[in-house]
> 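Can you keep this structure in mind? I'll have questions shortly.
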Amino acid sequence: MPVQETDPLAILRDRFTAAVRAAFPLLASETIDPLITPGKQAELGDYQSNVAMGLSKKVGKPPRDVAKAIVGHVDAAGLLEPLSEASIAGPGFINIKFSAPALAALISAMDAPSMGVPPATPTQTVVVDLMGVNLAKQMHVGHLRSPIIGDAVARVLERLGHRVIRQNHVGDWGLNIAMTTARIMRLVKEKSLSLETLTLDDLDKAYAAAQKECQRDMDGLKAAQHWLMGPKAIAELEAQVEGATAAFLDARQTLLRLQAKEPETYAVWRKIYSVTMKVCVDVCTMLNVNVTDEHTAGESSYADELTPMVDDLVKRGVAVLDQGALVVRLDEPGTPWSDRYGVIKEPCLIRKSDGGYLYATTDVCAVRRRVQKLGAERAIYVIDARQNLHLRQVYGASLKAGYSIHPTTKQPALLEHAAFGSVLGEDGRPFKTRSGDTVKLADLIQETFDRAGSAVRAKCAERNVSLTDADLTQTSRCVGIAALKYADLSTDRVKDSMFSFDRMLAFEGNTGPYLLYACVRIKNILRKAADEGAGSTWPSAAIAVQDHAEKQLALTLLRYPSALRATADALEPHRLCGYLYELAGAFSSFYDKCPVLAADSTAMRDSRVRLCSLTLRVLEDGLGVLGIPVPERM
RNA sequence: GUCCCCGUAGCUCAGUUGGAUAGAGCAGCCGCCUUCUAAGCGGCAGGUCGUGCGUUCGAAUCGCACCGGGGACGCCA
């Protein structure tokens, strides 16, 4: 069954486009955007059209005359209050008001399973790259934003009917991992570590230590060679770093054994892998982020494809040698890739002069798999803003290689970087504990839940709300998730965000808990309505939109589909947050002004209950898109 | 040096892709709970939208140049 169009924006766009064409037949061949927006001043109009000013020059008439001509041709029947010269304001704004019966009819139509959201056409296959975890490294605040934003982006696309494939591109391969694996194996052999009880903290320490022992002294050696200190000095240095060199050689051997899947080494790597991924999936579960093992596609899964791919690039002349390394040049202007991703002076490095591969190699390989095998028409990388140049290089190289040309549409897949800023502390510097350590993500989430729990308990005591233990647990989790996620999602993702327990758990104003509170108020009304025996009549009640607050609530509800679309188009969850905040605000005003259960008549009561129910459904649906669950009571 | 991002109220942030008198929330002040939970509602006050040119009917939004902050720039990932 097709979804009935209830979005005022779309309806008005149609009617005003028709009116402009009727008023100015000469424009027949042109595409017309009637520039409809929600009314800037609510007293003047629900919506407005700003088309007259722009058209003025084209048709050679003063803007107000243009507006007058358009107004004369608008079909307002069954929809709008009559338009007249009085609807024209200022230089030529046309103010539009919906009639109360029309609003009621639109709301009734919206009160369907789709909630007025038509499925996107055409439906796309979209890959969303999110998470960004590395093997053997503790998850910290830096890993907070990608899953939260990425999951919301994935969910909004799913909500619109797209086929979304989440990809957790785990950094689980390469020399660094081999260094750690080698060190773990040595520690196990020395019996200072047991594989059975291995924790991510153990791995984190081993990673740092391995990094240190392998690199520090190798750097010293390099520097010595660089400054031509002579064979004697180098020999001395080499002697000093004998142990380190041994560790480094061990790491290289281990990497080879890993590539060959040598059983003993591979088993240790698997263990490291499972310990890391356990924490990763646990964190996602705690946060209600939909990322599980099935979404994992680690760098290791590309390992066998790299050499053939690089050979292919060389054979076709896409990659060329430069100073011993293999690169893809991206600095020619006027190419399809430079048009999309910019003229980039720095070439994309695909193979080191020692024959080793780099992260760009794997990333290009990932683009190829995502487009060629997974069928992605769009791939979204929810990654730190600092990776921008790297990603543009990868996108450019992939297009130049033809890897991002979709196999069936033959069009380049849309490769997008949904960049986000850093998480800063309240001092404006990278978020750390008071002692200056990085904060473990699991700890940070737990602290959020604990604080949410005490806040919920305090509030319930203050408001005389009694919750069962089960309710308390559920509510605390919901409030914690809402506080944490909403704080992250409600601002422009590209900007740095300030992390503050106090602010996100403040519960006032534009916060997650405020939205949850609006939902809970509605749930209370619905429960009481059922208790009072109104449960069977209201779902089919005729909707009436009379009071000002009722009208504002109705108008806000009708904007839901376009809020979702704007969010999906820009990949900016904060647009949806802003909408939901406005909706919760419109409901709160309505709640204050319009008694529901104590309405003047049964008809009005049932109409209002239905309005409440739709509001709740939209709020819960929108919060669901943000990955925020709603409690029953709070 | 080149490139990317950011600069809006005391603080934290929006600003629907160029529209009317730039909006919220904190913090401050003033009202509203014997009626569906006051985690709420209504109101007051608070601004040279970093600066300067330009584009046009119209600029926080687009262009250029500066200023300030952050970031990235070949063999780490």
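Letters A, B, ... mirror the listed sequences (proteins, then strands); counts begin at 1. Predicted model only: the values in this text are computed from it and were never measured.
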> Of the listed nucleotides (B:rU16, B:rC6, B:rC75), which one gets closest to any side-chain atom of A:S353?
B:rC75
> Rounding to an integer number of Å, can you tell me how far A:R575 CZ sits from B:rA14 C1'?
10 Å
> Using O4'-C1'-N9-C4 for purines and O4'-C1'-N1-C2 for pyrimidines, with syn meaning within 90° of 0, is B:rU8 syn or anti?
anti
> Measure the distance from NE2 on A:H390 to C1' on B:rA72 and round it to the nearest whole Å.
12 Å
> Assert yes or no for the condition that the ring centre distance of A:H169 to A:Y302 is strictly below 6.0 Å.
yes
> Want to know the stems of RNA chain B: at least 3 consecutive Watson-Crick or G-U pairs with distances under 3.5 Å, which are they?
B:1-7 with B:67-73, B:10-13 with B:23-26, B:28-32 with B:40-44, B:50-54 with B:62-66
> When you match A:G90 and A:V456 each to their closest nucleotide on RNA chain B, which lands nearer the 5' end?
A:G90
> Aromatic ring centroids of A:Y486 and A:Y514 under 6.0 Å?
no
> Check every strand shown and say whether A:A506 touches a base, only sugar-phosphate, or nothing at a heavy-atom separation below 4.0 Å.
nothing
> With heavy atoms under 4.0 Å as the rule, sort A:V520 into base, sugar-phosphate or nothing.
base
> Give a yes or no on whether A:R329 atom CZ has more than 12 heavy-atom contacts from other residues, nucleotides or ligands under 6.0 Å away.
no
> Using a 6.0 Å cut-off, check whether atom CZ of A:R340 has over 12 heavy atoms from anything other than its own residue.
yes
> Between A:K400 and A:E332, does any side-chain N to carboxylate O distance fall below 4.0 Å?
yes
> Could you state the CG-P distance from A:L349 to B:rA72, rounded to the nearest angstrom?
18 Å
> Categorize A:Y581 for me: base, sugar-phosphate, or nothing, with a 4.0 angstrom heavy-atom threshold over every strand shown.
sugar-phosphate
> Identify whether any heavy atom of A:D354 sits under 4.0 Å from a base atom; if not, whether one sits that close to sugar-phosphate; answer base, sugar-phosphate or nothing.
nothing
> Stacking check: are the rings of A:Y517 and B:rG40 less than 5.5 Å apart at their centres and under 30 degrees in tilt?
no
> Can you tell me which nucleotide in B:rA39, B:rC13, B:rG42 comes closest to the side chain of A:K593?
B:rG42
> With distance as the sole criterion, is a donor-acceptor pair present between the side chains of A:T537 and A:D606 under 3.5 Å?
yes
> Ignoring the backbone of A:D592, work out which of B:rG40, B:rA20, B:rU37 is nearest its side chain.
B:rG40
> Name the nucleic acid region contacted by A:P63, choosing base, sugar-phosphate or nothing; use a 4.0 angstrom heavy-atom cut-off, strictly under.
nothing
> Would you mind classifying the nucleic acid contact of A:A455 as base, sugar-phosphate or nothing, using non-hydrogen atoms under 4.0 angstrom?
nothing
> Have a look at A:A566 and say if it touches a base, only the backbone sugar-phosphate, or nothing, with a 4.0 Å heavy-atom cut-off.
nothing
> So what does A:M53 hit on the nucleic acid, given a heavy-atom distance under 4.0 Å: a base, only sugar-phosphate, or nothing?
base
> So does A:Q48 reach the base of B:rA20 with its side chain, donor to acceptor, closer than 3.5 Å?
yes
> Categorize A:K528 for me: base, sugar-phosphate, or nothing, with a 4.0 angstrom heavy-atom threshold over every strand shown.
sugar-phosphate
> A:N524 and side chain to side chain contact (heavy atoms under 4.5 Å, CB included): which single residue from A:V520, A:L526, A:I522 fits?
A:V520
> What integer distance in Å separates A:Q41:CD from B:rU16:C1'?
16 Å
> Which listed nucleotide (B:rC75, B:rU37, B:rU17) is nearest to the side chain of A:A570?
B:rU17
> Does any N or O donor sit under 3.5 Å from an N or O acceptor when you compare the side chain of A:N95 with the base of B:rA20?
yes
> Does B:rC57 have OP1 or OP2 sitting under 4.0 Å from an N or O in the side chain of A:K57?
yes
> Give one of base, sugar-phosphate or nothing for A:L358, where a contact means two heavy atoms less than 4.0 Å apart.
sugar-phosphate
> For A:C519, answer base if it contacts any base atom (sugar-phosphate contacts may also be present), sugar-phosphate if it contacts only those atoms, and nothing otherwise; contact means non-hydrogen atoms under 4.0 Å.
nothing
> To the nearest angstrom, how far is A:K345 atom NZ from B:rC4 atom P?
11 Å
> Tell me whether the OP1 or OP2 atom of B:rU16 has a side-chain N or O from A:K40 closer than 4.0 Å.
no
> If you check every side-chain atom of A:L389, which of B:rA72, B:rA39, B:rU56 has the closest atom?
B:rA72
> When the distance from NZ of A:K137 to C1' of B:rA77 is rounded to whole Å, what number comes out?
7 Å
> Does a side-chain N or O of A:Y514 approach OP1 or OP2 of B:rC41 to a distance below 4.0 Å, or not?
yes
> Given salt bridge (charged side-chain N to carboxylate O under 4.0 Å, His left out), test A:D502 with A:R451 step by step and report yes or no.
CA-CA 9 Å; A:D502 290 338; A:R451 285 177 184 241; 3.5 Å; yes
> How many whole angstroms separate atom CG of A:D33 from atom P of B:rU16?
15 Å
> Describe the nucleic acid contact of A:F499 in one word from base, sugar-phosphate, nothing, applying a heavy-atom distance below 4.0 Å.
nothing
> Between A:F499 and A:F501 (judged by ring centroids, cut-off 6.0 Å), do the two rings come close enough to count as a pair?
yes
> Quick one: label A:E582 by what it contacts on the DNA or RNA (base, sugar-phosphate, nothing), any heavy atom closer than 4.0 Å.
nothing
> Is it true that A:Y579 and A:T567 share a donor-acceptor pair across their side chains at a distance under 3.5 Å?
no
> Considering only B:rA77, B:rU17, B:rA38, which nucleotide approaches the side chain of A:T37 most closely?
B:rU17
> Quick one: label A:R521 by what it contacts on the DNA or RNA (base, sugar-phosphate, nothing), any heavy atom closer than 4.0 Å.
sugar-phosphate
> Does B:rU16 have its OP1 or OP2 closer than 4.0 Å to a side-chain nitrogen or oxygen of A:S562?
no
> Got a donor-acceptor pair under 3.5 Å from the side chain of A:T491 to the base of B:rC13?
no
> Would the base of B:rA77 count as contacting A:Y359 through its side chain, where contact means a donor and an acceptor less than 3.5 Å apart?
yes
> Can you identify which nucleotide, out of B:rA39, B:rC73, B:rA14, has its nearest atom closest to the A:K495 side chain?
B:rA14
> Just the rounded figure in Å: distance from P of B:rG69 to CG of A:D496.
15 Å
